[in-house]
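Data block below; observations after.
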Amino acid sequence: MEITTTAKNRFTLSLSHWHQNDNTRSLPWKGEKDPYKIWLSEIILQQTRAAQGLPYFLAFTHNYPTVSDLATADDADVFRLWQGLGYYNRCKNMLATARIVTSVHNGIFPGTYTQLLTLKGIGPYTAAAIASFAFNEPVAVVDGNVYRVLSRCFGIETPIDSTIGKKIFAELAQQLLPIHDSAAHNQAIMDLGATVCTPSSPKCESCPLANQCVATKSKLIEILPVKIKKIIVKERFFNYIIFQHNDSIWINKRQAGDIWENLHEPFLIETKEPSEVDALLEGNLLTNLYPNNIKLISKSKQKLTHQLINTCFYTMVINDLSHFNIPNGWWVNNSELKKLAFPKTLVSFFKNNLYF
Ligand code: SF4
């Protein structure tokens with residue numbers, strides 16, 4: 001999509017004027033020049049709202065002030081700090097990248113967009129953010145906020161999650177970028193999308209682009225930006241049996257290939273539908289344990305992007321370990337439990353039931 005020089009200047013000048021005079025969005029990583037901290041903030045903010053990500057950013061920069069500190073950290077400590085943010089692959093990739101930067105690049109982040117793209121977990125958006133904010137490379141940063149502002153302002157109905165759509169928006173964002181002021185422009189357009197051109201009820205009356213916005217004139221705000229993919233949510237049913245022996249409970253580490261990889265959990269029986277306790281116990285390892293003291297403690301639901309996890313929590317006291325032959329896990333007491341990383345739903349359960 002080609003735009004005229006007049007349209008480009010109008011857009012960039014209006015945005016720049018708003019950024020200098022009316023942009024009040026304040027975030028601790030704004031204006032940051034350290035590529036490590038920019039990278040941390042961007043990884044934390046993927047799929048996460050700024051308000052939710054902020055305490056994690058502060059905790060990570062406090063515990064690991066440099067990329068070398070993060071690279072040499074214990075995996076379990078880092079996963080524990082990440083606990084509650086979800087999308088644990090981000091944490092795994094973050095650790096891998098910290099170690100590559102330290103071992104291959106002497107602890108110095110690569111300084112160009114193209115080099116940054118070679119690192120694990122760094123895609124076009126994150127590479128552009130680091131290259132632009134830390135190194136002033138004139139590359140456009142295109143996140144969800146930018147898609148929204150551009151699709152509405154220029155009235156583009158091509159789906160933002162289609163191959164052609166991604167190309168159109170990336171090229172348009174790049175065309176609009178002022179070469180000598182790219183970092184400020186990138187920050188401004190993202191902030192405008194986050195605070196003014198919001199997904200619902202955008203504040204068009206105070207928007208610097210209102211006079212040139214196609215969506216307001218053509219009443220397209222409600223339908224822009226367009227997406228083709230509807231997220232299909234799979235419903236799952238988790239039944240956790242919390243084995244208790246003296247002051248310890250039995251814990252297992254989740255394996256690769258499913259959600260919550262590398263996090264911990266009690267014994268899990270997953271069923272295709274909600275299950276009564278008798279059906280739950282039939283035909284599995286629990287029959288050896290004479291489970292007459294199993295007790296339902298609580299239920300919960302956790303919504304992930306593509307999954308809805310329905311969970312039942314049971315406790316079962318194990319007095320005699322001679323028949324206990326559940327493989328792969330180990331017994332942990334309360335103080336050891338606090339050092340392990342768990343999915344959010346289990347953290348809530350443990351807190352509500354005074355395990356920690
Ligand atoms: S005028 Fe409204 S819809 Fe258009 S860019 Fe501004 S906030 Fe978004």
Side-chain angles (χ1 to χ4, degrees), residues 15-16 18-73 77-95 97-98 101-102 107-111 113 116 119 121-137 139-149 181-199 203 341 344 347:
L15 189 64
S16 165
W18 173 81
H19 187 50
Q20 286 170 28
N21 298 290
D22 301 308
N23 184 2
T24 53
R25 192 178 187 216
S26 130
L27 292 166
W29 49 80
K30 258 178 85 168
E32 181 61 65
K33 288 287 167 196
D34 178 350
Y36 167 64
K37 290 185 181 155
I38 295 167
W39 167 71
L40 264 186
S41 71
E42 295 302 340
I43 300 296
I44 288 171
L45 288 186
Q46 286 167 13
Q47 319 274 349
T48 302
R49 285 175 298 105
Q52 193 200 349
L54 177 59
Y56 288 89
F57 174 77
L58 297 174
F60 268 93
T61 48
H62 175 77
N63 284 282
Y64 310 114
T66 67
V67 69
S68 308
D69 295 323
L70 181 59
T72 51
D77 292 340
V78 177
F79 274 95
R80 172 90 190 158
L81 204 59
W82 189 271
Q83 187 172 267
L85 258 184
Y87 302 97
Y88 288 87
N89 251 344
R90 282 186 293 170
C91 186
K92 198 174 141 196
N93 288 337
M94 185 178 75
L95 267 173
T97 286
V101 170
T102 305
I108 298 165
F109 261 82
Y113 172 77
L116 286 160
L119 297 171
I122 297 191
Y125 163 74
T126 308
I130 302 171
S132 168
F133 297 137
F135 305 117
N136 282 321
E137 186 176 340
V139 279
V141 181
V142 188
D143 71 348
N145 290 317
V146 176
Y147 277 121
R148 192 163 54 254
V149 171
D181 200 16
S182 62
H185 173 93
N186 279 327
Q187 191 64 62
I189 190 167
M190 289 197 289
D191 288 351
L192 188 79
T195 58
V196 177
C197 193
T198 45
K203 303 170 187 70
K344 198 170 159 188
V347 172

Q. Any luck finding a side-chain donor-acceptor pair between Y125 and Q46 under 3.5 Å?
A. no
Q: Indicate the ring-plane relationship of W82 and F60, choosing parallel, tilted or perpendicular according to the 30° and 60° boundaries.
A: perpendicular
Q: Over all heavy atoms of both residues, which pair between L116 and A127 is shortest? Give the atoms and the distance, please.
A: CD1-O, 3.7 Å
Q: Could you tell me which non-hydrogen atom of Q83 sits nearest to which non-hydrogen atom of Y56, and how far apart they are?
A: O-OH, 2.8 Å
(Q) Testing the basics here: between A50 and R25, what is the closest heavy-atom pair and its distance to 0.1 Å? (A) CB-NH2, 4.2 Å
**Q.** Worked check of side chain to side chain contact (heavy atoms under 4.5 Å, CB included) between T48 and R90
**A.** CA-CA 12 Å; T48 302; R90 282 186 293 170; 3.3 Å; yes
Q | Heavy-atom side-chain contact between P124 and Y113 under 4.5 Å | A | yes
Q: Please report the closest heavy-atom contact between A51 and P55, naming both atoms and the distance.
A: O-CD, 3.4 Å
Q. Out of curiosity, L81 CG to Y64 OH, how far, rounded to the nearest 0.5 Å?
A. 5.5 Å
Q.
Parallel, tilted or perpendicular, judged at 30° and 60°: which one describes the rings of F109 and W39?
A. tilted
Q | Heavy-atom pair of closest approach, residues G121 and I43 | A | O-CD1, 3.9 Å
Q) For M94 and L70, what are the C-alpha separation, side-chain angles and deciding distance, and is it a side chain to side chain contact (heavy atoms under 4.5 Å, CB included)? A) CA-CA 9 Å; M94 185 178 75; L70 181 59; 4.1 Å; yes
**Q.** Atom pair CD1/OH of I130 and Y36 - distance to nearest 0.5 Å
**A.** 12.0 Å
Q: Consider only side-chain N and O atoms of N23 and H19, and report whether a donor and an acceptor are under 3.5 Å apart.
A: yes
Q) Taking all non-hydrogen atoms of both residues, which atom of T195 and which atom of K203 are closest, and how far apart? A) O-NZ, 3.0 Å
Q: In sequence, state the C-alpha distance, the side-chain angles, and the governing distance for L54 and W29, and then conclude on side chain to side chain contact (heavy atoms under 4.5 Å, CB included).
A: CA-CA 9 Å; L54 177 59; W29 49 80; 4.1 Å; yes
Q.
Would F57 and L27 count as a side chain to side chain contact (heavy atoms under 4.5 Å, CB included) here? Give the steps.
A. CA-CA 11 Å; F57 174 77; L27 292 166; over 6 Å; no
